[in-house]
Amino acid sequence: MSVRRHPGPMRRSAGLRGFRAASVAAPSGRAVTRGRSLREREIDMSVSVIMSAYNRERYVEESVESVLAQTYDDFELIIIDDASRDRTPAILDRIAARDARVRVVHQPQNRGLAPGRNLALSLARHDLVACMDDDDIMLPTRLARQVGFMRDHPEVSVITSAAYIIDEFGETIGVSIPRVDSERGRREHDPSLFLELIHPTVMFRKRDVLAVGGYRDVLLEDRDLWGRMVTSGYRISVLPDFVMRHRRHSSLMTSNLRRLFEFGEYVDFNVLRRLRGEQEVSLETFRAIMAAQPAMQRLARSRKNKAGIAFRKSTLYFSKRRWAPFLYHLATAIALEPTHYTRRILRKRAGV
């Protein structure tokens with residue numbers, strides 16, 4: 001592992017001076033505060049932005065520049081280059097050479113997202129950590145808005161925000177606004193109320209994330225982390241401001257969606273077990289439990305998963321303007337789960 005570091009003064013702004021925090025209330029319920037006192041949490045409002053990059057020569061420069069252009073500039077940017085084979089390393093080193101806020105770490109071999117993010121966390125100097133992907137674009141006030149929220153809500157450990165969805169060419173194709181209420185989700189045993197975060201819009205307190213073990217090297221490592229956070233008593237909230245242009249790639253259509261959906265089910269299953277005070281089970285045990293369910297339950301589960309996969313494919317075909325497969329997969333999702341996906345479409349049209 002090699003670290004590219006360049007000397008130079010750290011540029012600092014007046015921080016939050018003159019910034020008005022968004023009037024968004026955290027979810028109701030008992031505040032959970034661990035580690036430091038509320039007073040201590042309010043003092044250090046510097047930010048460590050972490051990014052893992054791999055073969056993103058087409059997008060990574062625009063992504064990094066959007067971080068450097070933030071109106072709130074009391075931050076460091078830690079980038080883990082995960083053994084890229086294209087021009088990504090050279091692009092990152094060139095940027096780091098002219099801005100002392102950027103630190104680039106070159107991995108000798110590709111290790112994946114979770115190890116890269118954990119490495120970035122180990123190097124982060126600040127407790128507030130903002131996540132960022134190597135192909136997304138931060139809107140200029142992202143850090144200012146989220147730091148303001150975390151300052152005003154020291155009882156919150158993790159926040160997520162809204163994002164514009166863009167395609168491979170930067171065209172806006174939709175919006176995504178997370179619906180989060182971790183207190184209600186914990187109370188009603190409903191993981192959908194605290195697991196549907198947009199990872200590159202997330203800001204969290206490093207101390208709290210490390211307290212539950214950081215990212216685990218699994219599929220859907222972010223969903224797994226949020227589940228462990230909530231079941232350990234930490235609070236997740238949402239600041240619904242748009243802070244990101246989040247890129248969606250049509251190449252995701254070639255990924256194993258069935259495997260991803262199964263692992264998502266597995267994460268949710270273990271979240272519910274922990275909420276009931278039970279131990280989590282292995283993936284093999286989960287599969288055995290699902291296979292032993294009555295026929296009607298297996299059929300309902302199969303319909304739900306097929307509908308989810310069809311809807312995901314419809315959004316990806318939409319991003320490519322391929323209208324025939326888009327309409328086919330959308331109709332399939334609605335036919336299998338009419339109430340759920342009709343409501344989801346209506347929420348997207350309303351921008352909520």
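Residue numbers start at 1 and run along the sequence shown.
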Answer whether the closest heavy-atom distance between the side chains of M150 and L128 falls below 4.5 Å. yes

Can you tell me if CZ on F326 sees more than 12 non-hydrogen neighbours from other groups inside 6.0 Å? yes

Where do D93 and H106 land on the side chain to side chain contact (heavy atoms under 4.5 Å, CB included) test, with the steps shown first? CA-CA 10 Å; D93 285 343; H106 296 288; 2.9 Å; yes

Validation row: T332, L336 side chains within 4.5 angstrom (heavy atoms): yes

Would the number of heavy atoms belonging to other residues, nucleotides or ligands and lying under 6.0 Å from CZ of R321 be above 12? yes

Can you list every ring-ring contact (aromatic ring centres under 6.0 Å, His included) pair that touches residues 269-303, not counting sequence neighbours? Y266-F286, F269-F286

Is any side-chain heavy atom of M138 closer than 4.5 Å to one of V49? yes

Quick one: side chains of residues 287-299, donor-acceptor pairs under 3.5 Å with protein atoms, not counting sequence neighbours, listed by atom name and distance.
from	atom 1	to	atom 2	distance (Å)
R287	NE	E262	OE2	2.8
R287	NH2	E262	OE1	3.0
R298	NH1	Q293	O	2.4

Can you list the residues that meet the salt bridge (charged side-chain N to carboxylate O under 4.0 Å, His left out) rule with D224, with sequence neighbours excluded? R216, R228

Distance-only criterion, 3.5 Å: show the donor-acceptor pairs between side-chain atoms of residues 108-115 and protein atoms not counting sequence neighbours.
from	atom 1	to	atom 2	distance (Å)
N110	ND2	D82	O	3.0
N110	ND2	D82	OD2	3.2

Could you tell me if the side chain of P325 sits less than 4.5 Å from the side chain of K313, heavy atoms only? no

Qualifying ring-ring contact (aromatic ring centres under 6.0 Å, His included) pairs with a residue from residues 79-104, counting only residues at least two apart or across chains: none

Taking a hydrophobic cluster as the set of Ile, Leu, Val, Met, Phe, Trp and Tyr residues connected by side-chain heavy atoms closer than 4.5 Å, whether directly or through intermediates, do I198 and M244 fall within one such cluster? no

Between W323 and Y317, is the gap from one ring center to the other below 6.0 Å? no

With distance as the sole criterion, is a donor-acceptor pair present between the side chains of T141 and T71 under 3.5 Å? no

Using the side-chain contact (heavy atoms from CB on, under 4.5 Å) criterion, which residues pair with R85? Sequence neighbours excluded. Y54, N55

Any non-hydrogen side-chain atom of M51 less than 4.5 Å from a side-chain atom of V64? yes

In terms of side-chain geometry, is the basic nitrogen of E61 or R56 positioned less than 4.0 Å from the acidic oxygen of its partner? no

Please examine the side chains of H153 and R235, heavy atoms only from C-beta on, and report whether any two atoms are closer than 4.5 Å. no

Show your working on side chain to side chain contact (heavy atoms under 4.5 Å, CB included) between I236 and W226 and close with a plain yes or no. CA-CA 8 Å; I236 297 177; W226 314 142; 3.9 Å; yes

Do NZ/NE/NH1/NH2 and the carboxylate oxygens of R274 and E280 come within less than 4.0 Å? yes

Salt bridge (charged side-chain N to carboxylate O under 4.0 Å, His left out) against R223, all qualifying residues, sequence neighbours excluded: E196, D268

R87 atom CZ, neighbour heavy-atom count above 12 within 6.0 Å: no

With sequence neighbours left out, write down each residue that passes salt bridge (charged side-chain N to carboxylate O under 4.0 Å, His left out) with R142, or none if nothing qualifies. none

Rounded to the nearest 0.5 Å, what separation is found between the OG atom of S48 and the CZ atom of R101? 13.0 Å

Looking only at side-chain N and O atoms, does D81 offer a donor or acceptor that is under 3.5 Å from a partner on S84? yes

Would you call R117 and E221 a salt bridge, taking side-chain N to carboxylate O under 4.0 Å as the test? yes

Can you list the other members of the hydrophobic cluster that holds I137, where links are side-chain heavy atoms under 4.5 angstrom apart? I166

Between S63 and S66, do the side chains contain an N or O donor and an N or O acceptor separated by less than 3.5 Å? no

Can you confirm if the aromatic rings of F318 and H329 lie within a centre distance of less than 6.0 Å? no

At what distance, to the nearest 0.5 angstrom, does CD of E265 lie from CG of N305? 4.0 Å

Run the side-chain hydrogen bond (donor to acceptor under 3.5 Å, both in side chains) test against T88 and tell me which residues pass, sequence neighbours left out. D86

Less than 4.5 Å apart, any side-chain heavy atom of V202 and any of I159? no

State which residues pass salt bridge (charged side-chain N to carboxylate O under 4.0 Å, His left out) with R276; sequence neighbours excluded, sorted by chain then number. E278

Which residues satisfy the side-chain contact (heavy atoms from CB on, under 4.5 Å) test with L139, sequence neighbours excluded? Y164, F242, R245

Find out if a path of hydrophobic residues (ILVMFWY) with successive side-chain heavy-atom gaps under 4.5 Å connects Y59 to L316. no

